[in-house]
**Q** 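Got a structure here, written out as structure tokens. Questions coming.
For clarity, every value in this text was computed on a predicted model and none was experimentally measured. Naming convention: chains lettered A, B, ... in sequence-line order (proteins, then strands); numbering from 1 in each chain.
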Amino acid sequence: MLTLTDLRLARAGRTVLDGITLSVGPGECVGLIGPNGAGKTTLLRAALGLIPAQGHSSLAALPPAERARAAAYLPQGREIAWDMPVEAVVALGRAAWPGAARSEDRAAVARALARLGLDALRHRPVTALSGGEQARVLLARALAQEAPLMLADEPTAGLDPAAQIDAMALFAALAAEGRSVLASVHDLGLAARHCTRLVVLKAGRVVADGAPRAVLTEKLLAEVFGIRAWIGDTAEGLVFQPLSRL
Amino acid sequence: MARFGFFTLLAALGAAVAALFLASLLTGPSGIGVGQGLRALISGRGGADMAVLVMQEVRLPRAILAVMVGGALGLAGAMMQGWLRNPLAEPGLLGTSASAALGAVIALQSGLATAFALALPLAALGGAAISVALMVALSGPRGSTLTVILSGVAISAIATAGTALVLNLSPNPFAANEIVFWMMGSLADRSMSHVQVALLPMLAGAALAVPVARGLDALTLGEDVAATMGVRIGRMRLLTVASVALLVGAATAVAGAIGFVGLVMPHLLRRAVGGRPSRLLPAAALGGAAMVLAADLAVRLIAPERDLKLGVLTALVGAPFFLHLILKSRREGL
């Protein structure tokens, strides 16, 4: 789905990405974690070819039209410039399929709206919605692109707990269907619970990569995040609660 | 808004343009009756006939130019706003209109304009072409939207300063007078050859807008998202700049500076097209044509003997209207 080989990027003489090698396979929901400034956003953008980087990214190597059908991107800034109806915003995702029949486009938009529970809002102007609802509309837009891979930059930022759970559960469900997700996440509790795999980034390097239980160790939390946390396997699954700064 | 609504809107705007076009043909100081005028226009027999001459050589080019100039300005405005994702963007931002004006002013001052009939519009087109070449050189193939805008501001400032310099040093008060009046924008005393000069660049500009339209929709969600949906941002930037420059350069060349059409029309029609930038393009073009036709009618009806300038009227009407829109959107808490 996505293969990055020795991806390097320097900006203004500072190394932002320092030899990232990473692959995401089908059925994986990969959480990209790391402190602010570790290079998470840059990694996602470089993987998509939005910023030039050295090394190889299987996505960036594709021609733009093909890449649009290989991966959808959900950036952190939730920009919607014009006041369109919800349905029209979601339909923008179909720009990736210029040759598709109109009925196909309509069906894809309907599926995306239904999946995010936006059916009742479909004719509402998007600026009349709350921030959380707008985030859902943009997620539906990315789904309407119907790409096998979704790259999301902090998709849970600024959402209420229910919406955060919904978003992460959606990603986990996509992975369960055989698609792939690579999402940067700050909330390690959410990442631990919903991701199939965590990749830890520190100063532009991958310092850990594996199942959440194996990655989230006391030592790594101290070294990368400078925090102490409670981690437990419970009947509800893996639970992670940050406790204090070190 | 449903698909049906969009085509209804275009049909309504088209009907308004047709009605105003007809009204423009039938308005003027010659006192030609409706039936007589239309007969003279269509039959065109007897070249010496006064009515035929007025209809075919004076009023027809004037009405056609109003449609072309208004359409070009409306379309260019809608493109600029969609591309910059900013409702305050206007076609003059690229510096093309100021550069075209400088070309025209130099033609007027140097006396070139009196040498042959089309010297002035051709000089204006030349000015516009130079500004685009400068723009491409300054913003480069890797330039961002911001560099394009800053380049436009710089080019605009240079051209405006050049125009002021020409006026400043003008030894001939009549030429200076002529320059000032030309810059106010007008469609009076234009001929079919003006139509011919403007037609090709305007058609080319409109043709370049077609492949950009879908990209403008995608750009609603920002450049990154548009790029990941297959839009080639750099190519789109080049096409947009070229299209707007062709449209605005040609419009300025034949009509002078006509403000506020490109700013107000996209604004006014945005809600009616459901906010979608691609749909705004044809709607704003038709709306712009109707606005310029109406304004050009108004200058002839309000003060037939005073030669009220078209650009003065569009600004006088457009600016308060724009304020009204701002106040309205403020009340709605947007």
**Q** Considering only heavy atoms, which portion of A:Ile80 lies under 4.5 Å from any heavy atom of chain B: side chain, backbone, both, or neither?
**A**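 Both backbone and side chain.
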**Q** Return yes when atom CG of B:Leu200 has more than 12 non-hydrogen atoms of other residues, nucleotides or ligands closer than 6.0 Å, and no otherwise.
**A**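 For B:Leu200, atom CG is not crowded (no more than 12 foreign heavy atoms under 6.0 Å).
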**Q** Any side-chain heavy-atom pair from A:Pro98 and B:Met229 closer than 4.5 angstrom?
**A** no
**Q** Hey, could you give me the CZ/CG distance between A:Arg94 and B:Asp217, rounded to the nearest 0.5 Å?
**A** 14.5 Å
**Q** Closer than 3.5 angstrom, by distance alone: can the side chain of A:Arg67 be matched with the main-chain N or O of B:Ala227 as a donor-acceptor pair?
**A**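 It does hold such a pair.
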**Q** Mind checking the CG-OG1 spacing from A:Leu59 to B:Thr228? Nearest 0.5 Å is all I need.
**A**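 Reported to 0.5 Å precision, the distance equals 10.0 Å.
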**Q** Contact part of A:Leu92 toward chain B, heavy-atom cut-off under 4.5 Å: side chain, backbone, both or neither?
**A** both
**Q** Heavy-atom distance under 4.5 Å to chain B: side chain of A:Arg78, backbone, both or neither?
**A**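 Contact with chain B is absent: no heavy atom of A:Arg78 under 4.5 Å.
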**Q** Might you point out which heavy atoms bring B:Arg214 and A:Ala95 nearest each other, and give the distance in Å?
**A** NH2-CA, 3.8 Å
**Q** Heavy-atom cut-off 4.5 Å, strictly under: side chain, backbone, both or neither for A:Ala71 against chain B?
**A** backbone
**Q** Less than 4.5 Å to any heavy atom of chain B: does that hold for the side chain of A:Glu79, its backbone, both, or neither?
**A**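 Both the backbone and the side chain of A:Glu79 come within 4.5 Å of chain B.
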**Q** Could you tell me the separation between the CG atom of B:Leu221 and the CE atom of A:Met84, rounded to the nearest 0.5 Å?
**A**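 It comes to 7.0 Å.
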**Q** Measuring heavy-atom distances to chain B, does A:Arg69 have an atom under 4.5 Å in its side chain, in its backbone, in both, or in neither?
**A** neither
**Q** Is B:Arg85 close to chain A through its backbone or its side chain, or both, or neither, when contacts mean heavy atoms under 4.5 Å?
**A**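 Both parts, heavy atoms under 4.5 Å.
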**Q** Sort A:Leu138 into side chain, backbone, both or neither according to what part of it lies under 4.5 angstrom from a heavy atom of chain B.
**A** side chain
**Q** Are more than 12 heavy atoms from other residues, nucleotides or ligands located less than 6.0 Å from atom CZ of A:Arg115?
**A** yes
**Q** At their closest point, which heavy atom of A:Pro85 faces which heavy atom of B:Gly274, and how far apart are they?
**A**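 In this case the closest contact between A:Pro85 and B:Gly274 is CD-O, 3.5 Å.
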**Q** Give the minimum heavy-atom separation between B:Gly275 and A:Trp82, together with the two atoms involved.
**A**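 Taking every non-hydrogen atom into account, O-CB, 3.5 Å.
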**Q** Any heavy-atom pair between the side chains of B:Thr220 and A:Val89 that's under 4.5 Å?
**A**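 When only atoms from C-beta onward are counted, B:Thr220 and A:Val89 do not touch, as no gap falls below 4.5 Å.
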